[in-house]
Amino acid sequence: MKKLIALILAVSMLGVLLTACGGNNAADNGTNNGSNAGTNDTGDDGNTNDTSAYGDFADSLVEPGKLIMSTNAAFPPYEMLADGEGVYQGLEGIDIEIAMAIADKLDLELVIDDMDFDAAQMAVQNNAADMMLAGLSYNKERDETMDFTDSYATGVQVVIVKEDSDIKSIDDLANAEMIGTQRGTTGFIYASYPPEEGGYGEEHVTGYDNGATAVQELINGTIDAVIIDNEPAKAYVAANPDAGLTILDGAWVEEDYCAAVDEGNTALLNAINTALGEMIEDGTVQTIIDKYITAE
């Protein structure tokens with residue numbers, strides 16, 4: 001009987017010991033899992049790109065985990081308000097889809113801020129946006145305050161006039177009383193140069209918030225011509241079939257479209273440039289362009 005009681009006690013004690021060991025293991029597993037999660041965690045920003053193929057750019061972002069893009073969505077077909085929902089945040093266009101693809105490659109949430117063209121440049125310079133995509137062309141003046149990616153498209157600026165205008169060629173533009181452009185664009189900058197530097201003088205150039213306003217002023221007879229990129233020019237002329245608008249033959253100037261970041265933000269510039277280069281190489285950029293611009 002004593003042996004039986006002793007055996008029962010021994011079994012009971014063994015059960016207690018096993019339960020205790022199991023409890024310790026569960027606690028250890030919980031601690032280990034928590035430790036592992038902490039090791040794998042990338043922090044509150046959720047950014048996993050520090051060791052990616054695109055370099056360590058996480059600390060170069062305005063907000064962790066986000067790619068904030070400034071633009072002026074009045075430049076069809078590169079960026080424009082959509083009639084419906086659009087492809088992203090109510091917007092659509094070549095630059096919108098390129099930005100979406102870049103953000104996807106960098107594993108970032110794309111945020112698009114639509115504003116005036118001048119303000120879009122200042123947003124990058126004032127650390128309110130990470131990059132600018134807005135049919136933005138490279139020039140030396142801009143290069144002093146922003147860093148540019150490689151070019152992803154060629155921009156051709158043209159001249160819009162009324163069909164009954166005395167301005168029949170680009171050379172005749174020198175005789176225009178007032179030329180309209182979008183403020184802050186290279187068209188505005190170059191046209192404002194004095195004649196000896198290839199421009200028409202500041203007194204003969206008016207800058208507007210967007211190209212649509214400039215074209216409307218041309219229709220109203222306030223100005224004599226509009227200098228703007230070819231694709232938006234075609235869109236504006238097509239949108240006003242009864243206004244008697246025409247595009248002069250020839251290019252006023254040809255430029256390279258690029259994305260831009262703040263001056264000195266090398267890590268982010270390299271990341272965006274690498275992603276953009278891959279998209280150019282694999283045909284993604286051309287596919288996006290072909291979606292919006294039909295070959296003539």
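Keep in mind that the numbers below use all heavy atoms, side chains included, and drop hydrogens, waters and symmetry copies.
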Study note, to complete from the structure: side chain to side chain donor-acceptor pair (under 3.5 Å) filter on Asp209, not counting sequence neighbours, yields Arg183
Check your understanding: Are Phe75 and Tyr190 in one and the same hydrophobic cluster, where Ile, Leu, Val, Met, Phe, Trp and Tyr link if side-chain heavy atoms are under 4.5 Å apart?
Key -> no
Point to revise | Evaluation steps, side-chain contact (heavy atoms from CB on, under 4.5 Å), between Thr145 and Gln125 | key: CA-CA 7 Å; Thr145 55; Gln125 298 169 35; 3.4 Å; yes
Review point. When you measure from the side chain of Lys66 to the backbone N and O of Val111, does any donor-acceptor pair fall under 3.5 Å?
Key: no
Check your understanding: Which heavy-atom pair separates Asn72 from Glu79 by the least distance, and what is that distance?
Key -> O-CG, 3.3 Å
Check your understanding: Just by modelled atom types, is the Gly283 backbone N or O under 3.5 Å from a matching donor or acceptor in the Thr287 side chain?
Key -> yes
Point to revise | Non-hydrogen side-chain atoms of Val158 and Lys234 separated by less than 4.5 Å | key: no
Point to revise | Heavy-atom side-chain proximity of Val159 to Ile247 below 4.5 angstrom | key: no
Exercise for review: Consider only side-chain heavy atoms of I, L, V, M, F, W and Y, link residues closer than 4.5 Å, and tell whether Met178 and Val161 are in one cluster.
Suggested key: no
Point to revise | Distance, nearest 0.5 Å, that separates CD of Glu97 from OH of Tyr88 | key: 12.5 Å
Check your understanding: Distance-only, no hydrogens or angles: does the Asn265 side chain make a donor-acceptor pair with backbone N or O of Ser60 under 3.5 Å?
Key -> yes
Review point. Is the gap between the ring centers of Tyr78 and Tyr292 under 6.0 Å?
Key: no
**Study point:** For the student: nearest non-hydrogen atoms of Asp224 and Ala176, plus distance
**Key:** OD2-C, 3.9 Å
**Study point:** More than 12 heavy atoms from other groups under 6.0 Å of CD on Glu197
**Key:** yes
Review point. Counting only N and O atoms by type, is there a donor-acceptor contact under 3.5 Å from the side chain of Asp104 to the main-chain atoms of Met100?
Key: no
Point to revise | Ile112 side chain reached by Ile96 side chain, heavy atoms, under 4.5 Å | key: yes
Practice item. May I ask you to decide if Ala259's main-chain N or O and Thr149's side chain share a donor-acceptor pair within less than 3.5 Å? Key: yes
Review point. Is any side-chain heavy atom of Ile102 less than 4.5 Å from a side-chain heavy atom of Leu108?
Key: no
Point to revise | Derivation of the side-chain contact (heavy atoms from CB on, under 4.5 Å) call for Val124 and Asp130 | key: CA-CA 6 Å; Val124 170; Asp130 295 300; over 6 Å; no
Review point. Between Gln157 and Glu255, do the side chains contain an N or O donor and an N or O acceptor separated by less than 3.5 Å?
Key: yes
Review point. Which heavy atom in Leu106 sits nearest to a heavy atom in Ala275, and how many Å separate them?
Key: CD2-CB, 4.4 Å
Review point. For the residue pair Met80 and Pro77, what are the closest heavy atoms and their distance?
Key: CE-CA, 3.8 Å
Exercise for review: Mind checking the CZ-CG spacing from Phe57 to Asn270? Nearest 0.5 Å is all I need.
Suggested key: 11.0 Å
Check your understanding: To the nearest 0.5 Å, how far apart are CG in Leu218 and CD1 in Ile179?
Key -> 11.5 Å
Exercise for review: Give a yes or no answer on whether the side chain of Thr71 reaches the backbone of Leu133 with a donor-acceptor pair at less than 3.5 Å.
Suggested key: yes
Exercise for review: Work out which heavy atom in Val87 is nearest to a heavy atom in Lys291; give both atom names and the distance.
Suggested key: CG1-NZ, 4.3 Å
Check your understanding: For Asp282, does the CG atom have more than 12 heavy-atom neighbours from other residues, nucleotides or ligands under 6.0 Å away?
Key -> yes
Point to revise | Approximate separation, where rounding is to 0.5 Å, of Leu248 CG and Thr246 OG1 | key: 7.0 Å
Exercise for review: Mind running side-chain contact (heavy atoms from CB on, under 4.5 Å) on Val237 and Ile160 for me, showing each step along the way?
Suggested key: CA-CA 8 Å; Val237 170; Ile160 308 174; 4.1 Å; yes
Exercise for review: Verify the cluster assignment for Met146 and Phe188: are they in a single hydrophobic cluster under the rule of side-chain heavy atoms below 4.5 Å apart?
Suggested key: no
Practice item. State, yes or no, whether a side-chain contact exists between Asp256 and Ser137 at a heavy-atom distance under 4.5 Å. Key: no
**Study point:** Rounded distance (nearest 0.5 Å) linking atom CG of Asp113 with atom CE of Met69
**Key:** 9.5 Å
Please tabulate, one pair per line, all N/O donor-acceptor pairs under 3.5 Å involving side-chain atoms of residues 114-122, not counting sequence neighbours.
from	atom 1	to	atom 2	distance (Å)
Asp114	OD1	Ala73	N	2.8
Gln121	NE2	Gly184	O	3.4

**Study point:** ring pair (Phe, Tyr, Trp, His ring centres under 6.0 Å) against Tyr138, all qualifying residues, sequence neighbours excluded
**Key:** Phe148
Review point. Should we count CG of Asp83 as having more than 12 external heavy atoms under 6.0 Å?
Key: no
Review point. Less than 4.5 Å apart, any side-chain heavy atom of Tyr257 and any of Thr154?
Key: no
**Study point:** CA sep, side-chain torsions, deciding dist, call: Tyr208, Gln182, side-chain contact (heavy atoms from CB on, under 4.5 Å)
**Key:** CA-CA 5 Å; Tyr208 298 95; Gln182 183 176 0; over 6 Å; no
Review point. Are Thr206 and Thr181 close enough that some pair of their side-chain heavy atoms sits under 4.5 Å apart?
Key: no
Practice item. Give a yes or no on whether Val156 and Val253 share a hydrophobic cluster (residues Ile, Leu, Val, Met, Phe, Trp, Tyr; joining criterion: side-chain heavy atoms under 4.5 Å apart). Key: no
Exercise for review: Please name the pair of heavy atoms, one in Ala214 and one in Val226, separated by the smallest distance, quoted to 0.1 Å.
Suggested key: O-CG2, 3.5 Å
Review point. For the atom pair CD1 (Ile289) and OG1 (Thr294), what is the distance rounded to the nearest 0.5 Å?
Key: 12.5 Å
Practice item. Please list, chain by chain and in numerical order, all residues satisfying side chain to side chain donor-acceptor pair (under 3.5 Å) with Thr213, sequence neighbours excluded. Key: Asn210
Point to revise | Side chain Asn139, main chain Arg142, donor-acceptor under 3.5 Å | key: yes
Exercise for review: Not counting sequence neighbours, which residues clear side chain to side chain donor-acceptor pair (under 3.5 Å) with Glu254? List them please.
Suggested key: none
Point to revise | Main-chain N/O of Ala123 paired with Asn126 side-chain donor or acceptor, under 3.5 Å | key: no
Check your understanding: Is Leu136 reachable from Ile288 through a run of hydrophobic residues whose side-chain heavy atoms are each under 4.5 Å from the next?
Key -> no
**Study point:** pair Tyr236-Leu245: side-chain heavy atoms closer than 4.5 Å
**Key:** no
Exercise for review: Under the side chain to side chain donor-acceptor pair (under 3.5 Å) rule, collect the residues that match up with Tyr200, sequence neighbours excluded.
Suggested key: Trp252
Check your understanding: Judged by atom type as modelled, is there a donor-acceptor pair below 3.5 Å linking the side chain of Thr186 to the main-chain atoms of Ile189?
Key -> no
Review point. With no hydrogens and no angle check, is any side-chain donor or acceptor of His204 less than 3.5 Å from a backbone partner on Glu177?
Key: yes
